[in-house]
Amino acid sequence: MDLVGLLKSQFLCHLVFCYVFIASGLIINATQLCTLVLWPINKQLFRKINCRLSYCVSSQLVMLLEWWSGTECTIYTDPRAFSKYGTENAIVVLNHKFEIDFLCGWSLAERFGILGNSKVLAKKELSYVPIIGWMWYFTEMIFCTRKWEQDRETVARSLLHLRDYPEKYLFLIHCEGTRFTEKKHQISMQVAQAKGLPSLKHHLLPRTKGFAITVRCLRDVVPAVYDCTLNFRNNENPTLLGVLNGKKYHADCYVRRIPMEDIPEDEDKCSAWLHKLYQEKDAFQEEYYRTGVFPETPRVPPRRPWALLNWLFWASLLLYPFFQFLVSMVSSGSSVTLATFILVFCMASMGVRWMIGVTEIDKGSAYGNIDNKQKQSD
């Protein structure tokens, strides 16, 4: 390991990133709370401000991926569609197999200039997670309980609020509902067999109702669906801890732009269309494993400097007083002060581990457990 690689793997570097992220994130959350006074006065101004504040948080994770880790993402797509990316609203359907698939999606959104406006259909528990969950609340993310009887009205109402959103956005849906594991895949294919649906080799059975209602509510304001199939070269299984350690990965993403008018309006026909889409995604994934490439023309959108500049701004603002405080604590010589410092250090270490653990596949959903088999439905 070279000197730079050794430096990137050190916990103190990780602690610096974690401190800047947490401190700046809490400041941004507090600022977002203050912007609530704008909602009844000027809703669109509230939204534009919160898009920029959201960028200040999410771009720090993109900075880790692009500038610290050096991970690259190659897009395979039709050149005629490539020019539209970042200039229109779109629903993004992405496979959900890797711990950092969301981060690769953010990286592409950043390179097309719409990271701060990105939306996602996420489980409600995430809305309670400090910094990112709270940030999502203020940017009008769509949260669901995964109980369709409860979600139908709340999800539809939230989606309708996005119809007059003033910024271009990508709305991400992981239709599989949870990350792919062999255990979940086995259960999912049992459900597919019981429903008379074709088996999938590289995906879980998609949950169609969330997709169908999203298409119905946003049809007139979203001109296309982007079907995205993500994979990593050399059969790598990247993790957030690997990114934090500075490990470089190379992602390949096949993106198809599907005009909204090609998607049926009827819910049952829309569900059948989505199942067919996942059969095609499975075939693309199989072809990638066989040849190492996706169809269409490869493109690497250039990375922009703003994510790095944003992190440097927050680091310069927050690190000096932090290190000044640490020096004063250590130089005081007080056993109570030193014990407090050690306690804070241990808590920070646990905080880093917890934040990484949120993304780990085996700590994701309970989908596939025996107790949840009966809950598996569209």
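Heavy-atom basis, side chains included; hydrogens, waters and symmetry copies ignored.
- Residue Gln193 places its CD atom among 12 or fewer non-hydrogen atoms of other residues, nucleotides or ligands, all under 6.0 Å distant.
- Between Leu103 and Val62, the shortest heavy-atom distance links the atoms CD1-N, 4.2 Å.
- Checked against the 6.0 Å centroid criterion, the rings of His96 and Phe180 do not qualify as a close aromatic pair.
- Evaluated for a side-chain hydrogen bond (donor to acceptor under 3.5 Å, both in side chains) with Tyr165, the options Lys119, Lys43, Glu140 yield exactly one hit, Lys119.
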Could you walk me through whether Arg256 and Glu296 pass salt bridge (charged side-chain N to carboxylate O under 4.0 Å, His left out), step by step? CA-CA 9 Å; Arg256 288 191 295 170; Glu296 294 292 355; over 6 Å; no
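- With hydrogens and angles disregarded, a donor-acceptor distance shorter than 3.5 Å links the side chain of Arg111 to the backbone of Pro301.
- Residues Glu66 and Ser107 bring a donor and an acceptor atom of their side chains to less than 3.5 Å of each other.
- Side-chain contact annotation: Asp252 with Tyr288, donor-acceptor N/O pair under 3.5 Å present.
- Under a 3.5 Å cut-off, the side chain of Ser188 and the backbone N or O of His185 do not form any donor-acceptor pair.
- In this structure, Phe82 has its ring center under 6.0 Å from that of Phe112.
- Partner of Cys253 under the side chain to side chain contact (heavy atoms under 4.5 Å, CB included) criterion, out of Thr77, Asp101, Leu230: Leu230 alone.
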Would Phe284 and Tyr254 count as a ring pair (Phe, Tyr, Trp, His ring centres under 6.0 Å) if you check the C-alpha gap in whole Å, the side-chain angles of each, and the deciding distance to 0.1 Å? CA-CA 8 Å; Phe284 292 138; Tyr254 178 45; 4.7 Å; yes
Acceptor/donor pairs from residues 16-24 side chains to any protein atom, 3.5 angstrom cut, sequence neighbours excluded:
unit_1 : atom_1 : unit_2 : atom_2 : d
Tyr19  : OH     : Leu318 : O      : 3.0
Ser24  : OG     : Val20  : O      : 2.6
Ser24  : OG     : Phe21  : O      : 3.3
Ser24  : OG     : Gln60  : NE2    : 2.8

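- A distance below 6.0 Å separates the ring centres of Trp106 and Phe102.
- Between the side chains of Thr145 and Lys123, no donor N or O sits under 3.5 Å from an acceptor N or O.
- The side chain to side chain donor-acceptor pair (under 3.5 Å) analysis of residues 297-309, with sequence neighbours excluded, yields the pairs Glu110-Arg304.
- Judged by distance alone, the side chains of His250 and Thr71 never bring a donor and an acceptor atom under 3.5 Å apart.
- With hydrogens and angles left out, the side-chain atoms of Asp282 and Gln279 include no donor and acceptor closer than 3.5 Å.
- For Arg52, the salt bridge (Lys or Arg N to Asp or Glu O under 4.0 Å) partners at least two apart in sequence or on another chain are Glu167.
- Side-chain atoms of Ser158 come within 3.5 Å of backbone atoms of Thr154 as a donor-acceptor pair (strictly under, hydrogens ignored).
- A donor-acceptor pair shorter than 3.5 Å can be found between the side chains of Glu88 and Tyr226.
- Between Thr139 and Asn50, the side chains place no donor N or O within less than 3.5 Å of an acceptor N or O (distance only, hydrogens not considered).
- Phe232 has its ring centre less than 6.0 Å from the ring centre of Phe98.
- Counted by atom type alone, Thr229 and Lys281 present one or more donor-acceptor pairs between their side chains at under 3.5 Å.
- Between the side chain of Lys247 and the backbone N or O of Ser69, no donor-acceptor pair lies under 3.5 Å.
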Salt bridge (charged side-chain N to carboxylate O under 4.0 Å, His left out) between Arg163 and Asp220, worked out: CA-CA 8 Å; Arg163 292 182 61 84; Asp220 297 333; 3.6 Å; yes
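- For Lys168, there are no salt bridge (Lys or Arg N to Asp or Glu O under 4.0 Å) partners two or more places apart in sequence or in a different chain.
- A salt bridge links Arg47 with Asp164: the distance from a Lys NZ or Arg NE/NH1/NH2 to an Asp or Glu carboxylate oxygen falls below 4.0 Å.
- Sorted pairs that involve residues 260-275 and meet salt bridge (Lys or Arg N to Asp or Glu O under 4.0 Å), not counting sequence neighbours, are lacking altogether.
- The side chain to side chain contact (heavy atoms under 4.5 Å, CB included) search around Pro321 returns none, not counting sequence neighbours.
- Side-chain N/O atoms of Asn95 and Glu176 include no donor and acceptor closer than 3.5 Å.
- Within the 3.5 Å criterion, the main-chain N or O of Phe46 finds no donor-acceptor partner in the side chain of Trp39.
- A donor-acceptor pair shorter than 3.5 Å can be found between the side chains of Glu286 and His202.
- At least one donor-acceptor pair under 3.5 Å links the side chain of Thr239 to the backbone N or O of Gly242.
- Counting only distance, with no hydrogens or angles, the side chain of Asn89 and the backbone of Val221 share a donor-acceptor pair below 3.5 Å.
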